[in-house]
Amino acid sequence: MEYNFREVENKWRKFWAESKTFAAIDESDKPKYYVLDMFPYPSGSGLHVGHPLGYIASDIFSRYKRLKGYNVLHPMGYDSFGLPAEQYAIQTGQHPKITTEQNIARYRDQLDKIGFSFDWDREVRTSSPEYYKWTQWIFKQLFNAYYDYDQDKAVALDELIAKLEVEGNVNINACTDHEETFSADQWNAFSDKEKEQILQNYRLAYLADSWVNWCPALGTVLANDEVVNGVSERGGHPVEQKLMRQWSMRIKAYAERLLTGLETVDWTDSIKDQQRNWIGKSQGASVFFQIESSNDKIEVFTTRPDTIYGVSFMVLAPEHPLVAEITTDEYKSEVEAYVKQAGLKSERDRQADVKNISGQFTGAYAVHPFNGEKVQIWIGDYVLASYGTGAVMAVPCGDQRDWDFATHFNIPIINIFKDIDVSEAAYTEKDAVIANSDFLNDLPAKKAIKLAIYEIEKRGFGKGKTQYRLRDAVFSRQRYWGEPFPVYYTDEIPQVVGDDQLPITLPEVDKYLPTEDGEPPLARAEKSAWNQFFGDRMEYNTMPGWAGSSWYFLRYMDPKNDSEFVAKDKVEYWQNVDLYIGGSEHATGHLLYSRFWTKFLYDMDYIPFEEPFQKMINQGMILGRSSFVYRVKGENKYVSFGLKEQYDTTPLHVDINLVENDILDIEAFKNLKNSAVDSSSIAEFILEDGKYICGHEVEKMSKSKWNVQTPDDLVEKFGADTLRMYEMFLGPLEQSKPWDTSGINGVHNFLRKFWRLFHDREGNVIIDQGAPSKDALKSLHKTIKKIEDDLERFAFNTGVSNFMICVNELNDQKCNNKEILEQLVILMSPYAPHICEELWVKLGNKAGTLSYAEFPKYNEEHLKEANYHYPVSFNGKMRFKLELPTELTPKEIEAEVLAQEQAQKWLEGKDPKKVIVVPGKIVNIVV
RNA sequence: GCCUGGGUGGCGGAAUUGGUAGACGCGCUGGAUUCAAAAUCCAGUUUCUUCGGGAGUGCGGGUUCGAUUCCCGCCCCAGGUACCA
């Protein structure tokens, strides 16, 4: 019987599902291991071969860990709230719930075919009320908490209120936007509304008017990480700045801990660096500059207080609140014109226009705090209102942007660096010695920074300060298909609903569009459409995509719990994720937000760890191979690849299913209806050798490029085990690589060869029950060692090669020994689980016991050889090999080698200068 | 510009601490089997060569008995980021 993968795979797929082979148990004497994949958004186009790459790797690792005696948690679910389903709903009127359910069913079907060992009883969907009940509950916890810097953790808001009632906010050291101080008496005299307005400045989830990224095309605000190069990440629509009342998350409070926590996790440097840059910590000082003949002061932030004597002007952002106030009458019209012009430019234009230096003098002067000199005050759009204080002290000798600005406007450049020429460019390194700077003279910059801060604080001009680039994250979206907030309004004061009222379910609406007054879609819901309705109205916004994904890894531990988001004993058993596999594109989104929520839940004592994902591997992208046809411009004529240079053509993507070995199926192409190409039957084709040859290019796999390869076709043709092994065989997991199916035959043939080790020509199982041969033991144990080492360092690709080598060797040895094959079956089962289950039973084992068998133990004894083939090199070049007993001493080896006739040939009669012998490795002779 | 990876045959890639460069697979060439094809099996496949051997892991140097691996300088590719004071 030949290897019938369809029969074998169907059988075991069914067996695993029915006997719940991979159900994880919440308590065990075994050590636990938690392997997690980034859960997918179930899109309408289904999975392509790039998606399961990471899932296959994590599945192999999960199966390996089970064999190694671990209690493995390996769940899967769906990040099922999101824009595409809603866009589809707007177009068709179909409820996004229905679209989402259909897509999930398709995903599940595709995932099942690949033979993953997920514990499906733990499946979560972020869009199900049973799940988002707890997303709402966590939101409530954030709403009812503030960040206390003295304890350096989040604390219940009740504690803050208790303090405010007794001592006001004077001694409160919290992360807040509230600047003014008030006493206990003042606090107690405030109305409820006033109190709430102040508390909003402390809450970790808060409502505030803030500048947000508004995307008119999507009709919603976006978080900073959802805006790429000034356009929306999804769809590439323009984004503008708008002042809106929005829910935000006070992630800023965690900036420092998000930074230091990175040192405790095993992630790639690239992702850690991206997070570090995103958090953007810089240390320096905030300094106040008195404005001449005014009571106002300008606060600046600088990382180089040591260069304060080099200040020759100041620059405010055009939006800075003091601009209008300080501008003299003489410059009023110019300044107003500049502010207006800067305001018209979008954030994107301003960023794109870096080389264009622009600015305007205000006519006002500040007083240098140390030497009392007059300092011109300018405005310029290279200073951003949103960073620091929106104002800078310009030190042209030490900052290139300031230097460019000074040079452009002919402002004097004061050199405060000893023996450094700043006539051509600023000197930005921190290794200079300070001069011309009174008390800082002759100090190296690093020491001068410390002394400058000390003096600034002593004289009361400012203080040392740490600044972060990280801004609070906007948490509301003006969309339908997301979690409703557990919030209602009374007299426009936001209130959270009681825990026993959760969840607030998504109400039905007549349309998934904003209302005519521009309110979000939920404003369309009738009062009766809400399952709970309180106050004057419910919150109309919904939560962003990252809400549900920020804590889903916790829910898998206890997915059906109706009274807690996760039971304490369960989270204490499973702890954090040991291995997380997913794409690196979530570096500053999901991966930062889930760290933030984890730290918060830790602070509130709900979970026992601070970092969600201990080790992470980012799988590379699988690239598609696109095919192209070349249309002659202005004509319905297509020219073959080799002849396209003779015409003026436009390359167009063509569906790769119509192309085989770069040859286009012209008939199928002509009959195409919904392709990117307009190809009516009257199209003309200019052929070469009677064929139409397509061009090709390697690029991202996507529907729009017509280069998508689905796993379904390949599973159908070669089977899941072949697909799993082939995806791993392509190359290192982390690297991006082109998808090319031509090699898949090789892997499939390997599995057939493996199958044949167990069968005779007629397909009867023939197993030798006797003692294994020495050679077979050697092949097996060599493989055990390699496979284990490779898996421990997540090198899944080399594992496949090693199985091939082993099967080739056993095949040459004509080995069908039970002991050998049984061990090999266990070893290979993480990679090719279906075929291995089948062979495991054929060897006489009980069905279903393979997944929890014992991983083979490597025994060095079997690799020991009496002889070793020494490679003999001359001057580092390998010349010949010599078989020698392994127990020889280096001296004996040297003598043996030099006695060889071949050695004499390479010595050419000379004496060797030196002979290096590394026993068991190499002999090198220096001539 | 800055940060992080990476550059090895026709292709995907291997070489784990400095020790036989090109494992394994694809493709290609030749052969066996077959009426034929598929499948299978065998041999070959970095390159140049006067068949002795020479060169060779992006380029140029260096350390070493020995470098794909370590150090210095450069080039190219991919991803990220960009007036952050």
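Throughout, protein chains are lettered first and strands after them, A, B, ... in sequence-line order, and every chain is numbered starting at 1. Only a predicted model underlies this, so the values are computations on that prediction, with no experimental measurement involved.
Salt bridge annotation for A:E860-A:K785: absent, with no cationic side-chain nitrogen under 4.0 angstrom from a carboxylate oxygen.
Residues A:I922 and A:S270 each lie close to RNA chain B; by heavy-atom proximity, the contact nearer the 5' end of the strand is made by A:S270. If A:I916 and A:G746 are placed on RNA chain B by their nearest nucleotide, the residue sitting closer to the 5' end is A:G746.
Separating the P atom of B:A21 from that of B:A55 is a span of 13 Å, rounded to the nearest Å. With P as the reference atom, B:G5 and B:C11 are 26 Å apart, rounded to whole Å. If you take atom C1' in B:U47 and the same atom in B:U57, they sit 13 Å apart, rounded to whole Å.
Across all strands shown, A:K881 has heavy atoms under 4.0 Å from base atoms, whether or not it also approaches the sugar-phosphate. No engagement by A:D740 is indicated, since no non-hydrogen atom pair under 4.0 Å with the nucleic acid exists.
Shown here, B:A85 forms no base pair; nothing in the strands shown gives a Watson-Crick or G-U wobble contact with both key distances under 3.5 Å. Shown here, B:U40 forms a base pair with B:A32; the pair counts as Watson-Crick or G-U wobble because both key distances fall under 3.5 Å.
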Checklist entry - Going through the distances and angles, do A:K778 and A:E809 end up as a salt bridge (charged side-chain N to carboxylate O under 4.0 Å, His left out)? => result CA-CA 10 Å; A:K778 190 181 168 189; A:E809 284 178 4; over 6 Å; no
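A:F754 and A:F758 get closest at one heavy-atom pair: O-CD1, 3.2 Å.
Taking atom CG of A:N745 as the reference point, atom C1' of B:C28 lies 15 Å away to the nearest angstrom.
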